[in-house]
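Report on one structure; see the data block that follows.
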Amino acid sequence: MFSMKRAWVAAALLSGFAAAGAYLLPAAAPQAGQLGDGRHGPAGMVWIPAGDFLMGSDSPRSQANERPAHPVRLAGFWIDRDHVTNRDFARFVAATGYLTTAERAPDWETIRVHLPAGTPRPAGLAPGALVFVGSSKPVDLNDYARWWRFAPGASWRHPQGPGSDIAGKDEHPVVQVSYEDAQAYAAWAGKRLPTEAEWEYAARGGLEQADFAWGANLRPDGRLMARTWDASLAFPLQSPKVMPGTEPAGSYPANGYGVRDMAGNAWQWVADWYRPDAFRLQSQERRVGNPAGPAAPYDPAMVRPEAPKRVIRGGSFLCSEDYCEGYRVSARQGQDPYSSASNVGFRMALSAADWQPQKP
């Protein structure tokens with residue numbers, strides 16, 4: 001009798017330990033391209049596995065600031081499958097009352113650092129942002145002032161200025177948001193902007209040195225793979241009746257990791273400071289692991305080379321073969337972190353150690 005009781009107790013204890021072990025054992029490592037659901041990874045984010053890749057490009061299509069291609073090693077991380085949308089950003093604003101940089105009175109200190117020394121402060125500075133207006137005739141493509149203008153009253157709610165709105169566009173990428181705005185959203189969401197290296201690694205989808213997120217050809221078998229400029233019109237010629245803009249996030253096929261819209265639709269802020277020679281400097285390091293970019297901005301092409309600029313990636317609905325080809329996976333530009341435009345948005349990333357499963 002006593003031995004039977006002991007056997008019963010032992011079995012119960014073993015059963016209890018086994019049940020507890022289901023909670024104590026670490027969860028299985030996520031698979032490449034796994035989409036989180038809140039319990040097995042953060043909801044709406046895709047797992048990008050640790051690995052090595054060639055960052056930048058030596059392709060004939062590449063620009064000087066993308067060269068040379070150089071090896072980089074990254075730890076695994078999570079990245080949003082899609083752009084942060086108008087719906088997402090509206091939730092943030094409703095919860096915090098946040099006003100974007102475009103909705104606030106302009107800060108002259110953040111403007112004057114991009115202007116020649118001694119430039120007087122203009123009168124009548126008003127909240128607003130840059131909007132694309134196009135052109136009715138061919139223009140000098142070196143002068144972007146021919147197709148952009150500052151529109152007082154433009155903001156994420158009114159991306160083309162007063163009279164425009166985002167009604168019916170909940171799933172479109174939020175635009176008219178600055179780097180500062182993206183950082184504020186990240187703090188609220190408990191996430192962060194991806195580094196430039198993380199962004200490019202995720203955008204490549206496992207393909208080595210392809211020009212595009214989906215492969216070698218811009219339009220494989222004639223298919224449109226991203227929201228870019230209408231190829232039937234020379235950039236920036238534009239019909240006054242139809243103004244180009246974003247499409248709903250996820251309107252085109254995902255890449256090899258299951259990430260969508262890493263080309264076109266809207267440029268995306270990343271965390272790094274911008275230098276046109278960043279890749280050349282980075283390639284000179286013996287080992288490049290989890291790079292965070294330059295320690296400070298520098299662009300000798302600017303009136304003030306040390307003026308702050310952050311990197312934007314991915315291109316937008318305005319990119320074309322005639323002009324920037326910003327939808328190429330290695331293409332990169334620098335942007336004033338306090339400015340916003342009708343073709344710039346962002347997505348979030350999350351380090352593996354920073355994710356906590358939702359409670360049942």
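Since the model is a prediction, treat every value here as computed from it, not as a measurement. For the numbers below, each heavy atom of this structure counts, side chains included, while hydrogens, waters and symmetry mates do not.
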Working for side-chain hydrogen bond (donor to acceptor under 3.5 Å, both in side chains), residues His172 and Thr246: CA-CA 6 Å; His172 285 235; Thr246 58; 2.9 Å; yes
Heavy-atom side-chain contact between [X] and [Y] under 4.5 Å:
| X | Y | answer |
| --- | --- | --- |
| His70 | Gln282 | yes |
| Pro49 | Pro30 | no |
| Trp269 | Gln335 | yes |
| Lys309 | Met302 | yes |

With Glu66, the salt bridge (charged side-chain N to carboxylate O under 4.0 Å, His left out) member among Arg61, Arg328, Arg280, Arg332: Arg328
Qualifying side chain to side chain donor-acceptor pair (under 3.5 Å) pairs, either residue in residues 345-356, two or more places apart: Arg192-Ser351, Gln268-Arg347
When Ile, Leu, Val, Met, Phe, Trp and Tyr are grouped by side-chain heavy atoms lying under 4.5 Å apart, directly or through other members, which residues fall in the same group as [X]?
| X | answer |
| --- | --- |
| Leu218 | Phe212, Trp214, Met225, Tyr327 |
| Leu281 | none |
| Met262 | Leu35, Val46, Ile48, Phe53, Met55, Val72, Leu74, Phe77, Ile79, Trp199, Tyr201, Tyr257, Val259, Val270, Tyr274, Phe279, Val288, Val311 |

Before we go on, tell me: are the rings of [X] and [Y] under 6.0 Å apart, centre to centre?
| X | Y | answer |
| --- | --- | --- |
| Phe132 | Phe317 | no |
| Phe89 | Trp156 | yes |
| Phe92 | Tyr98 | yes |

Side-chain (His158) to main-chain (Ser164) donor-acceptor, under 3.5 angstrom: yes
Check: Leu54 main-chain N/O paired with Gln209 side-chain donor or acceptor under 3.5 Å: yes
Arg204: partners by side chain to side chain donor-acceptor pair (under 3.5 Å), with sequence neighbours left out: Glu200
Counterpart residues, side chain to side chain donor-acceptor pair (under 3.5 Å), relative to Arg81 (two or more places apart): none
Any side-chain donor near an acceptor of the partner, His40 and Gln34, under 3.5 Å: no
Residues Tyr252 and Asn265: side-chain donor-acceptor under 3.5 angstrom: no
Quiz item: cation-pi between Arg310 and Trp273, 6.0 Å / 45°: yes
Electrostatic pair Arg39:Asp37 at N-O distance under 4.0 angstrom: no
Stepwise side chain to side chain contact (heavy atoms under 4.5 Å, CB included) test for Val344 and Val177: CA-CA 7 Å; Val344 180; Val177 283; 5.8 Å; no
